[in-house]
Amino acid sequence: MPPQTRRSSFPEVVIDRDTESEESSSDDEDVEDEEEEFEADEEATVDLPEETMEEASESKKKGKTPITISLKKFCKVCKKTGHEAGFRGATYIDCPMKPCFLCKMPGHTTMTCPHRVATEYGIVPAPRKNTTNPLEFVFQRQLQPRVPPIKPAHVIPDQVHCAVIRYHSRRVTCLEFHPTNNNILLSGDKKGQLGIWDFGKVHEKTVYGNIHNCILNNMKFNPTNDGSIYAASSDGTISCTDLETGISLSVMNLNPNGWEGPSSWRMLYGLDVNSDKSVVLVADNFGYLYMADIRSNNVMSKPTLIHKKGTKVVGLNCNPLQPDLLLSCGNDHFARIWDMRCLEAGSSLYNLEHKRVVSSAYFSPLTGSKILTTSLDNRIRVWDSIFGNLDSPSREIVHSHDFNRYLTAFRAEWDAKDSSESLVVIGRYISENYDGAALHPIDFINISTGQLVAEVMDPNITTISPVNKLHPREDILASGSSRSLFIWRPKKLDIAQPREEKRILLCEEVSKKRSKKHGDNSDDDSDNDVFRNKDNGLKQKKLPSKSSSYGSRKSRQL
DNA sequence: AGTAAATGGGGCC
DNA sequence: TGGCCCCCCTTTAC
C-alpha cells in the first residue's frame with residue numbers, strides 16, 4: 001500500500017534531442033535528472049506509451065540523438081520520484097520526505113503520527129511544576145481526582161439540526177450568539193457582511209451588506225444594549241450596528257483619508273468589549289491597540305503598541321472576573337497579558353511564547369484563571385493558572401489546524417456551560433476517511449487531559465469548518481463552513497425538529513441557478529434542494545456544489 | 001471537467 | 001526592512 005509500489009508502473013519514455021546542455025538552464029539543481037526532461041521542448045522526439053502521447057505528439061519530427069527518460073510521476077510536494085503525495089480515495093498520503101504534517105516532527109508521516117491515534121499522546125495530564133507545596137501536591141494528586149465534576153458528562157451537539165447553505169456570499173469569518181435571545185445567531189463574512197439568523201424559525205434571516213466593505217474580523221455585543229453589536233473590519237473601522245434596522249454607526253475609522261497604499265492602510269482585527277470600563281478595545285495590523293468609550297462612542301486616548309511593530313494583532317480578550325486584565329495575541333508569535341491600568345508599549349505582565357502565529361487566546365469563561373491559545377504550529381496550549389508559572393504552558397495538545405491559505409483561522413473556543421472549564425471546541429483541518437468520504441470533523445477536546453471527547457461531522461458537509469461557537473446557555477453548536485452556517489444539537493435529546501423542508505435553507509442565488517439548469521420555472525422550489533431527513537442523520541444526497549467539490553477532490557487522486 | 005484565481009505566512013537575501 | 005518566491009489535505013467561478 002505505500003506509494004513506492006507504484007514505481008514499477010511508471011511509463012518509460014524515450015526522447016530524442018540534439019544536446020542536453022543547450023537548454024538545461026541550471027535553475028533547478030535539486031530536481032532529479034529524469035524529471036528535467038519534462039521540460040523537453042519541441043525539438044525532442046518521443047516514443048510514448050498510451051496516455052502520455054499528447055505531451056510529445058508535437059515533438060515527433062527532427063531526428064536527434066535519442067536519450068532515454070522515464071515519465072515518472074513525481075511527488076507534488078517534494079518534486080521527487082518514487083512516491084506521490086495526495087489523496088488516494090478519501091485518504092491523504094503524506095510526502096515521506098517532509099516532517100509529519102500534523103505534529104511537525106520528522107521521522108514519520110501523519111498516517112503513523114502518534115498524535116493522530118490519540119490526541120492525548122505526549123500530554124502531561126497534571127503538571128506539577130508550578131508548586132513546591134507538599135500539601136497542595138497531595139491534594140492535587142490524591143483528592144482532586146475524587147472530587148466529582150459538577151457537570152456529569154459533556155453533552156455534545158453532534159447532529160445537524162438546521163442550516164443555511166450558501167447564506168453568505170463569501171466565507172464566514174466569525175459567529176456570535178445573541179446574549180438574551182437563544183435562537184439568534186450572528187455571522188460575519190469576508191466581504192464585511194453581517195448576517196442575522198433566527199435558527200428557531202429557520203427561514204428568518206437577514207444580511208446587512210453595507211456596514212463594512214471588507215473582511216469582518218471580530219464582533220461582540222454591546223453589553224449595555226443587546227440590540228446592537230460592535231464589529232471590527234479590515235476596512236479599518238469599528239461599527240456599532242442596530243440589529244433591528246441595520247443602521248450602523250462608525251465608532252472608529254483608522255483610514256479617514258482613504259487608500260494611500262498598503263503601508264498606511266490600517267486594518268482592525270482583535271476586538272473585545274470591557275463592560276466594567278465601558279470600552280471597546282480593538283487592535284490593528286501594525287501592532288496597536290485602540291479604545292473607544294461605549295457611552296459616547298468616542299475614541300479614547302492614543303493607540304498603544306502592544307505587539308511587535310508592524311505585525312497583526314488578531315485577538316483581544318478581557319478577563320471575565322478581573323476587568324483590569326487583558327489578553328492579546330498576534331502574528332509576532334506571542335500572546336500577552338496586560339494590566340489595563342498601566343497600558344504602554346512593553347509593559348505587558350506576561351508574554352506567552354509560541355512557535356508560530358497565535359490565532360486566538362482566551363481566558364477561561366467562568367473563573368478567568370486559565371488561558372487557551374491556538375497557534376499555527378498545530379498545537380493548542382493551556383495555561384492552568386494565570387496566578388501560577390506562566391513561563392511555559394501546562395499542556396500542549398497537538399491538533400491539526402495549520403492551514404495553507406484561503407480559510408478563516410481556526411480558534412479553539414471554550415464551552416461556557418462547562419463548569420470545570422475543560423471542554424473546548426475547534427474545527428480540524430486534515431480530513432479523515434469516514435466510510436469512504438474525506439470529512440473534516442469539528443473536535444471537542446478535554447483540555448485537562450488532552451483527550452478527544454468527540455468529533456462531529458456530517459456526510460453532507462465536505463468543506464472545512466474553521467469557525468465554531470458553542471451556545472452560552474444551550475447544548476448547541478454553531479459552525480461556519482465556507483459560506484454556510486450549521487446548527488448542531490445532541491442526537492440523544494430528540495428535540496422537535498422544525499418542519500422538515502424548512503430545516504436546511506438554500507440561498508436564492510443557488511436555487512435560481514439550479515432552476516435554470518433544470519429548466520424549472522418555479523422560483524420558490526427551494527424545497528427540492530432541501531436535504532431530506534428521514535429518521536436520524538442527513539441522507540447522502542448532495543448539492544451540486546458539494547458534489548462538485550467532492551468530485552474535484554476525488555479527481556485529484558492519481 | 002478542468003483550471004485559474006484569490007491571497008496569508010514564512011523564509012531568504 | 002522589503003521584495004520575492006514558495007507552499008501539503010481549499011473553494012469557487014468560469
Side-chain angles (χ1 to χ4, degrees), chain A residues 3 27-28 30 54 74-80 83-104 109-111 113 116 165-166 168-173 189-191 214-215 217 234 261-263 267 269 285-286 308-312 314 330-333 354-359 375-378 399-410 427-434 437-441 457 461-467 480-484 507 509-510 513 517 543-558:
Chain A
D27 38 358
D28 272 0
D30 58 334
E54 66 278 12
F74 60 93
C75 174
K76 64 181 180 185
V77 176
C78 70
K79 312 287 189 291
K80 292 204 163 58
H83 64 271
E84 288 170 60
F87 273 101
R88 188 161 309 170
T91 309
Y92 191 92
I93 308 294
D94 268 4
C95 169
M97 311 304 280
K98 296 275 180 163
C100 173
F101 184 53
L102 177 54
C103 74
K104 313 293 184 196
T109 62
T110 312
M111 195 68 78
C113 179
R116 184 167 193 164
I165 307 297
R166 295 196 173 202
H168 282 273
S169 57
R170 291 284 182 274
R171 57 166 221 253
V172 173
T173 53
D189 72 18
K190 193 175 159 282
K191 211 178 172 186
C214 61
I215 189 165
N217 291 305
S234 289
S263 57
M267 305 189 248
Y269 284 85
N285 57 326
F286 294 123
K308 185 180 172 185
K309 198 169 186 179
T311 65
K312 215 193 266 181
V314 292
N331 283 16
D332 66 352
H333 301 194
H354 294 69
K355 291 205 187 67
R356 279 188 61 195
V357 164
V358 190
S359 318
S375 170
L376 249 50
D377 65 356
N378 267 354
H399 179 264
S400 169
H401 50 259
D402 172 19
F403 59 103
N404 201 7
R405 263 185 297 187
Y406 321 123
L407 290 177
T408 306
F410 292 82
R428 196 191 302 174
Y429 181 55
I430 56 172
S431 61
E432 206 64 65
N433 184 346
Y434 298 96
L439 302 178
H440 308 266
M457 82 288 290
I461 308 174
T462 55
T463 47
I464 295 172
S465 307
V467 192
S481 192
S482 184
R483 297 155 52 180
S484 307
C507 281
E509 159 197 2
V510 184
K513 244 185 209 169
K517 206 169 171 182
L543 291 171
S545 59
K546 297 268 177 56
S547 22
S548 70
S549 81
Y550 195 63
S552 70
R553 164 162 293 173
K554 271 191 164 164
S555 70
R556 221 173 288 146
Q557 81 194 52
L558 297 154

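Residue numbers start from 1 in every chain, and the chains themselves are labelled A, B, ... in the order their sequence lines are given, proteins ahead of strands. Side chains included, hydrogens not; waters and symmetry mates left out as well; all remaining heavy atoms used.
Not counting sequence neighbours, N378(A) has no partner by the side chain to side chain donor-acceptor pair (under 3.5 Å) test. The side chain to side chain donor-acceptor pair (under 3.5 Å) search around Y406(A) returns none, not counting sequence neighbours. Under the rule for a side chain to side chain contact (heavy atoms under 4.5 Å, CB included), the partners of N433(A) that lie at least two apart in sequence or sit in another chain are A90(A), T91(A). Considering only residues two or more places apart in sequence or on other chains, R116(A) meets the salt bridge (charged side-chain N to carboxylate O under 4.0 Å, His left out) condition with E432(A). Not counting sequence neighbours, the partners of M97(A) by the side chain to side chain contact (heavy atoms under 4.5 Å, CB included) test are C78(A), K80(A), H83(A), C95(A). For F286(A), the side chain to side chain contact (heavy atoms under 4.5 Å, CB included) criterion is met by R266(A), D284(A), Y288(A), not counting sequence neighbours. Every side chain to side chain donor-acceptor pair (under 3.5 Å) that K104(A) has, sequence neighbours left out, goes to D402(A). With sequence neighbours excluded, no residue forms a ring pair (Phe, Tyr, Trp, His ring centres under 6.0 Å) with F101(A). H354(A) pairs by the side chain to side chain donor-acceptor pair (under 3.5 Å) definition with T373(A), not counting sequence neighbours.
In this entry the distance linking CZ of R116(A) with P of dC8(C) reads 17 Å, nearest Å. dC9(C) atom C1' lies 15 Å from atom CE of M457(A), rounded to whole Å. Distance Y434(A) OH to dC9(C) P: 19 Å, rounded to the nearest Å. Rounded to whole angstrom, the span from the CD atom of E84(A) across to the P atom of dC8(C) amounts to 15 Å.
In this structure, F101(A) reaches the bases: a heavy-atom distance under 4.0 Å links it to at least one base atom across the strands shown.
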*asked:* Treating primed atoms plus P, OP1 and OP2 as sugar-phosphate and everything else as base, which nucleotides of nucleotides 7-13 of chain B get B, S or - for protein heavy atoms under 4.0 Å?
replied: BBSS---
*Return one dot-bracket line describing DNA chain C 5' to 3' (Watson-Crick or G-U wobble pairs, both distances under 3.5 Å; ( ) same strand, [ ] crossing, | another strand, . none).*
.||||||..|||||
Pairs under 3.5 angstrom, nitrogen or oxygen only, protein versus nucleotides 1-4 of chain C, please.
none

